[in-house]
Amino acid sequence: MKERFWLLDVNYEIRDNHPEIWIWGISEENKRILVIDRSFVTYFYLVLEEGETPGIVVERAMQRKNEFPYIARLEPSKLKLFGKPLDVIKVYCQNPDLIPRYSKALSKIEGVRKCLEDDIRYSMRYLVDNDITPCGWYEVEVENTNGRPLIQIDKVCLARSVPKRVQREETPQLRVLGFSMICYSQKGAPKPEKNPVIILAVATNYGEEKQLVAENRNDKELIESFVEFVKSFDPDVVIGYGTNRQHWQYLLGRSAKLGMKLHVDRVGTEPHTSLYGHVSIRGRANVDLEDFADEFPDVKVKTLENIADHLGVMRLQKRTIIEDVDLPKYWDDPNKRPMVLRFAEENTKCIMGIFEAMSDFAMQLSQLVGLPLDQIGRAAVGFRVEWYLIRNARRIGELIPERKERPYIPYAGGAVLQPKPGIHEHIAVLDFKSMYPNIMIEQNISPDTYVSPSEPQPQSGVNVAPEVGHRFRKDPPGFYKMVLSNLLIARDEIRRKFKGLETKSIEYRVLDARQKAIKVITNAAYGYAGWIGARWYVKPVAEATTAWARNIIQNTIDMATNTGLDVIYGDTDSIFIRYDREKTEEFCKVIERKIGLEMKPDKVYSLILFTEAKKRYCGLLPNGKLDIVGLEVVRGDWADIAKDTQEGVLELILKERSPSKATKFVHKLILNLRERKIPYRDLIIWKTLTKPAEGYAIKAPHVEAAKILKEEGWDLTVGDKIGYVIATGSGRLYERVKPYMLASYEAVDVEYYVTNQIIPAASRILSLFDVKEEDLLPKSSTTLFDFISKD
DNA sequence: GCATGAAAAATACCC
DNA sequence: ACGGGTATTTTTCATGCG
């Protein structure tokens, strides 16, 4: 009997010392099925010492066979490591949990140098070896089984074949449950040992909404109802915001305290923390949308409400938001309690909306990279690239290198030109398309094509990187060349398919999500190559890529100059030139022909303003919009008042060409601030805590603010954004810092914001037009001069 | 002891 | 827990002066 299904999640179990792969899927008939595969035997490799014969080492291992009862067989094999042929022995092991112990013991056998691939988890090994990726359709030969009564599922069957990929694009009708949670704590962060959950706001993509409330702070029933709700809806995907970091741990803590079990999975166990610090719920995909927050670099403070606002899910102006510090007060006030309920309800609405907006991307990324949907968000970019590489390594017989600690040695990156300060008219930005990936392809740069200085010149010849002199085999094509070309081709194909599709159609949305996923991995490949934590780390690979890039951009600049195109600025893979349509188009063609990389005009600015600094400019686009790069406006660590000032100044300078209007605009803002007419929230400065508060070498303002919050009982961890304001008083800045939710407007040192926020941000632009810092201060009716001259 | 300027620490950006 | 290049602010340190 055949079963067709969409792969939701995978895990493994060991039953009577026999491993089982559990594949959770949704069938074509929209049934929830569990396919159990008992046939997969996992393995790892022994790498031999130089000059050892595989057969002899196998014999040595066989002599100690009784020490390793779960080894099925030993198989000499020839594979490659970093492109070099290597004799290995493949060790099949019937119990995956014994691999760490066995590999440790076997690596001590005479003639064995080390083990490889002993750190690949059983369930991932199964997916990789059988070319199965999550979030796709499969067909498998099965037989029915029973006797697994604890499992909440429509059907359990045993696999009689390996699941085979079926070409089918659509996502099945998934059941998605989202929830948000509010706990009650009089002071500081809630602790599960003492503080109850007071609200669980639950919603489903089938339109059900429920507010579970612990009226008298007794949350036993609330959690029971939650478990009941989950069980009856039986979701495939459970979503929330901050669930991996907080909510599941909290709910588990509460359940333990109340003497109950949090059975929200399909097997009857509790959620457990697993790989990459993600919380796993058997049979369901637990997706924490916070793990995808990094996909939105424009959102500086990555709260649920800010991301929802950014995606247009729910506008900030329309939201009910209650600060953590105010929650107990609001809850205990009968007039304000409804606001807390609305807050929770809206949080869950935002969660549902954000998932709707980005689930396609998450699923496409999961499918491309091969990590299950519940892990893909948590995995850092480097690991996403690495899993994609691992899958492709198999195709070329390349072993997966071990992960090891290495010393950090810096190397040179991209070239950045000194801009010509001032306003320039009619400027085009010419970009090399996917420069680093294309250089790697063009020069065959790869961990497996690198020819170290001690090696002789290979027959195929080598490409030699400029400046650094690293050599790469010309032939055969390397690992990266294969992987990157495939990614670039796949992306181009998708873009071709776009044509003729409605942007709102499901097909378009899925294709768009896939091309975004491909782009993310392609662009991250270079960064991966230079990451010392990478399994395939080879410093010359990264170093040669940037060396070639510098060489190419310099040649491009020279050619542009010789063509009579004025180069105003450039950064890594781009040049900014005075725009002349015909000349530019011709120039791009010449570059493509001579350099072999595609170059295209990206943006054309009617006007562009540069200060003396690199990486900071503001362009005026033909549609009248400002494109602000690097300046305070786009930085998250300046108060909004400073950012708004600078943006206003830029508008007046570029659209009205009026430094005097801009100066008056600054005066007005300063006067408003001095009268405290500017909203308090525009004075908050946000900075990230990048290490534990105690670990800092100096006393920094945001760290001192964090310490105050800690004193008040709030939990802060690395990565948290600290919002603070500067209060009046004497001494260093860090002595006058207050967390914004613990300070009042009256306490704020308005003059700090004038001198250290507004003036610098405005002056950055206006100093180009001979406006001095003192000119930016509004002239008061009685100046010091008036005052003195009066007597 | 204090003003001053350079160096170091820290952060967030660009591509 | 992907790279290097860069600007900027605030703290800290070194130095010279008296």
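Numbered from 1 within each chain, the chains take letters A, B, ... in sequence-line order.
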Notebook entry, point to check: Got a salt bridge between A:Lys481 and A:Glu442, using NZ or NE/NH1/NH2 to carboxylate O under 4.0 Å?
Noted result: no
Next item on the list: For A:Arg406, look at atom CZ and say whether over 12 heavy atoms of other residues, nucleotides or ligands are found less than 6.0 Å away.
Entry: yes
Next item on the list: Please check if atom CD in A:Glu774 has more than 12 non-hydrogen atoms from other residues, nucleotides or ligands closer than 6.0 Å.
Entry: yes
Margin query: Applying a 4.0 Å non-hydrogen cut-off, can you work out what A:Tyr436 is touching in the nucleic acid: base, sugar-phosphate, or nothing?
Written below: nothing
Margin query: Please encode protein proximity along nucleotides 5-15 of chain B as a string of B, S and -, counting only heavy-atom distances under 4.0 Å.
Written below: ----SSBBSBS
Margin query: Using 30° and 60° as the class boundaries, would you call the ring planes of A:Tyr450 and A:Phe472 parallel, tilted or perpendicular?
Written below: tilted
Check: What residues in residues 759-773 of chain A put a non-hydrogen atom under 4.0 Å from any atom of DNA chain B?
Finding: none
Margin query: Going by side chain to side chain contact (heavy atoms under 4.5 Å, CB included), name the residues that satisfy it together with A:Ser763, two or more places apart in sequence or in a different chain.
Written below: A:Ser767, A:Glu773, A:Leu776
Item checked: Residue pair A:Ile568 / A:Phe610, side-chain heavy-atom distance below 4.5 Å -> yes
Note to self: Just checking A:Lys420: does its NZ atom have more than 12 heavy atoms from other residues, nucleotides or ligands closer to it than 6.0 angstrom?
What the structure shows: yes
Margin query: Need one value for A:Trp536: base, sugar-phosphate or nothing, where a base atom within 4.0 Å counts as base even if backbone is also close, heavy atoms only.
Written below: nothing
Margin query: Can you tell whether the side chains of A:Glu290 and A:Lys302 come within less than 4.0 Å, N to carboxylate O?
Written below: no
Note to self: Base, sugar-phosphate or nothing for A:Asn523? Non-hydrogen atoms, less than 4.0 Å.
What the structure shows: nothing
Next item on the list: For A:Phe383, enumerate each residue passing the ring pair (Phe, Tyr, Trp, His ring centres under 6.0 Å) test, keeping only those at least two apart in sequence or located in another chain.
Entry: A:Tyr276, A:Trp531
Next item on the list: Give me the first and last nucleotide of DNA chain C, going 5' to 3', that has any atom under 4.0 Å from a heavy atom of chain A.
Entry: C:dA1 to C:dT12
Notebook entry, point to check: Who passes ring pair (Phe, Tyr, Trp, His ring centres under 6.0 Å) against A:Phe479, sequence neighbours left out?
Noted result: A:Trp536
